[in-house]
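Proteins come first, then strands; the chains are lettered A, B, ... in the order of their sequence lines, and each starts at number 1. Quantities reported herein were computed from a predicted structural model and do not represent experimental measurements.
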2 protein chains.
Amino acid sequence: MSVALSPSQALHLWHSATLRLVRSDAPDLTLRQLSILLHIYLVPPPHTVRGLASTLGVTKPVITRALDSMGSLGLVRRSRDERDRRNVIIQRTVDGALYLEKLGDIIIDEGRELSL
Amino acid sequence: MSVALSPSQALHLWHSATLRLVRSDAPDLTLRQLSILLHIYLVPPPHTVRGLASTLGVTKPVITRALDSMGSLGLVRRSRDERDRRNVIIQRTVDGALYLEKLGDIIIDEGRELSL
DNA sequence: CGATAATGATACGGTAGCGAAACAATCATT
DNA sequence: AATGATTGTTTCGCTACCGTATCATTATCG
């Protein structure tokens, strides 16, 4: 199966999926928050504040704030690393998995309609 | 050419493209702003504030503010409709086209690496 | 132990987003 | 011309984000 996209297809896919995301009643995450959420769920753990900051190229408070926001939405969970109690391990939640599942559905759905 | 995506592929594509967008030095647009920008450039004109608000399912001030922000970034331009001077016609700019071209490149680039 | 380093959270001042409501300008209707 | 409808902007009070700098806690090293 190929996922080669033409320039037009790529932008149309992004357009329609983003539009549906905006129109949906799903929590309105920033691009950075969405990136963090995707990273946590798609890249093997463990995930730390410092690591995420470095990966995204942002400062640590950005990560702390994003975890605060998404944490209160139930999309993500924090816990101390007992082996080095300075670290915070960021963990997945059921709600977070559901959120991303919905996002995946939207993308696939819009991608399907790209067939020319 | 097929653009059928598996659930995993769809999310990985979104993840890597979003990550590169966040890491890039490109202006940090919100999801709504990005959606507006894509709509203006991908859907045939004319585009009005009212029309965009209805399409995105948001209030008019959201569009006005987004146009203010993206306008000062040079991504978008406003002009009066001379046939009905109540309307504002939203127009494309060279910088806006370049921004989206770059976004398209990123998506294509990451999509290419999805081939299994 | 004591000093230094590392990690994440917090404080701060500033900017920008939000929806609801009110507003000015323009058009349509009579 | 006068009234009412339509369009986009502005104002209001509020919330959330930003980067820099600082802080508290914990670990490491001498």
Side-chain angles (χ1 to χ4, degrees), chain A residues 18-19 21-40 45-91 99, chain B residues 18-19 21-40 45-91 99:
Chain A
T18 304
L19 186 57
L21 199 56
V22 168
R23 289 192 64 93
S24 79
D25 55 351
D28 206 29
L29 303 185
T30 68
L31 220 54
R32 286 175 169 190
Q33 289 170 342
L34 191 56
S35 185
I36 292 169
L37 192 63
L38 283 161
H39 199 81
I40 293 169
H47 300 290
T48 65
V49 172
R50 177 185 82 272
L52 287 172
S54 160
T55 300
L56 297 216
V58 298
T59 60
K60 287 190 295 179
V62 168
I63 306 296
T64 296
R65 277 189 296 260
L67 295 179
D68 287 345
S69 302
M70 294 192 293
S72 72
L73 289 171
L75 302 177
V76 138
R77 201 160 48 80
R78 271 185 274 213
S79 70
R80 279 282 162 197
D81 179 358
E82 289 303 331
R83 309 204 309 179
D84 182 344
R85 294 187 45 79
R86 289 173 301 183
N87 291 329
V88 160
I89 305 294
I90 296 127
Q91 292 177 311
Y99 184 97
Chain B
T18 303
L19 185 57
L21 199 56
V22 168
R23 289 192 62 93
S24 80
D25 55 351
D28 206 28
L29 303 184
T30 69
L31 218 55
R32 286 173 168 193
Q33 290 169 342
L34 191 55
S35 185
I36 292 170
L37 193 62
L38 283 161
H39 199 81
I40 293 169
H47 300 292
T48 65
V49 172
R50 177 186 83 271
L52 288 172
S54 160
T55 301
L56 297 216
V58 298
T59 60
K60 288 189 295 177
V62 168
I63 306 296
T64 295
R65 277 188 296 260
L67 295 179
D68 287 345
S69 302
M70 294 193 292
S72 73
L73 290 171
L75 302 177
V76 137
R77 200 160 49 80
R78 271 187 274 213
S79 69
R80 278 284 161 192
D81 179 358
E82 288 305 330
R83 308 203 311 179
D84 182 343
R85 294 186 49 78
R86 287 173 302 183
N87 291 329
V88 159
I89 305 295
I90 296 127
Q91 292 177 311
Y99 184 98

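Listed nucleotides C:dT26, D:dC17, D:dG8 differ in distance to B:Thr48; the shortest reach to its side chain belongs to D:dG8. Nearest to the side chain of B:Arg85, among D:dC17, C:dT26, D:dT9, sits C:dT26.
As judged by a 4.0 angstrom heavy-atom cut-off over every strand, B:Glu82 is placed among residues making no nucleic acid contact. Backbone-only engagement by A:Val62 is indicated by non-hydrogen atom pairs under 4.0 Å involving sugar-phosphate atoms exclusively.
In this model, the phosphate group of C:dA16 is not approached by any side-chain N or O of B:Gln33 to a distance below 4.0 Å at OP1 or OP2. The shortest distance between the side-chain N/O atoms of B:Thr64 and the OP1/OP2 oxygens of D:dT9 is below 4.0 Å. Dashed line: the shortest gap from a side-chain N or O of A:Arg86 to OP1 or OP2 of D:dT25 is not under 4.0 Å. Between A:Arg83 and D:dT26 there is no side-chain N or O to OP1 or OP2 distance below 4.0 Å. Put simply, B:Arg50 has a side-chain N or O that comes within less than 4.0 Å of OP1 or OP2 on D:dG8. Checking the phosphate oxygens (OP1, OP2) of C:dG17, a side-chain nitrogen or oxygen of B:Ser69 falls inside 4.0 Å. Taking side-chain N and O atoms only, B:Arg80 has no distance below 4.0 Å to OP1 or OP2 of C:dA25.
Taking atom CD of A:Gln91 as the reference point, atom P of C:dG8 lies 14 Å away to the nearest angstrom. Atom pair B:Leu56:CG and C:dG17:P shows a separation of 14 Å (rounding to whole Å applied). Per the geometry, CG belonging to A:Asp28 stands 12 Å off P belonging to D:dA16, to the nearest Å. Summarising the geometry, the separation between CG on A:Asp68 and P on C:dG8 is reported as 14 Å, rounded to the nearest angstrom. We find that CG of B:Leu73 is positioned 14 Å from C1' of C:dT15, with the value rounded to whole Å. Counting to the nearest Å, the C1' atom of C:dA6 and the CG atom of A:Asn87 are 9 Å from each other. The CG atom of A:Leu52 sits 12 Å away from the C1' atom of C:dG8 (whole-angstrom rounding). When the P atom of C:dC18 is taken as reference, atom CD1 of B:Ile63 falls 9 Å away, rounded to whole Å.
Taking the nucleotide of DNA chain C with the nearest heavy atom to each of A:Pro61 and A:Asp84, the more 5' of the two is matched to A:Asp84. Nucleotides of DNA chain D nearest to A:Asp81 and A:Thr30 differ in position, and the one nearer the 5' end is that of A:Thr30.
Judged by distance alone, with hydrogens and angles left aside, the side-chain atoms of B:Thr64 form no donor-acceptor pair with the main-chain N or O of B:Pro61 at under 3.5 Å. Counting only distance, with no hydrogens or angles, the side chain of A:Ser69 and the backbone of A:Arg65 share a donor-acceptor pair below 3.5 Å.
Listed here is the closest heavy atom pair of A:Leu19 and B:Thr55: CD1-O, 3.9 Å. Of all heavy-atom pairs spanning A:Gln33 and A:Met70, the tightest one is O-SD, 3.6 Å. Here the shortest heavy-atom pairing between B:Arg85 and B:Arg80 reads O-NH1, 2.8 Å.
Side-chain atoms of A:Arg65 come within donor-acceptor range of the base of D:dG19, with a qualifying N/O pair under 3.5 Å.
Between atom NE2 of residue A:His47 and atom CD1 of residue A:Ile36 there is a gap of 11.5 Å, rounded to the nearest 0.5 Å.
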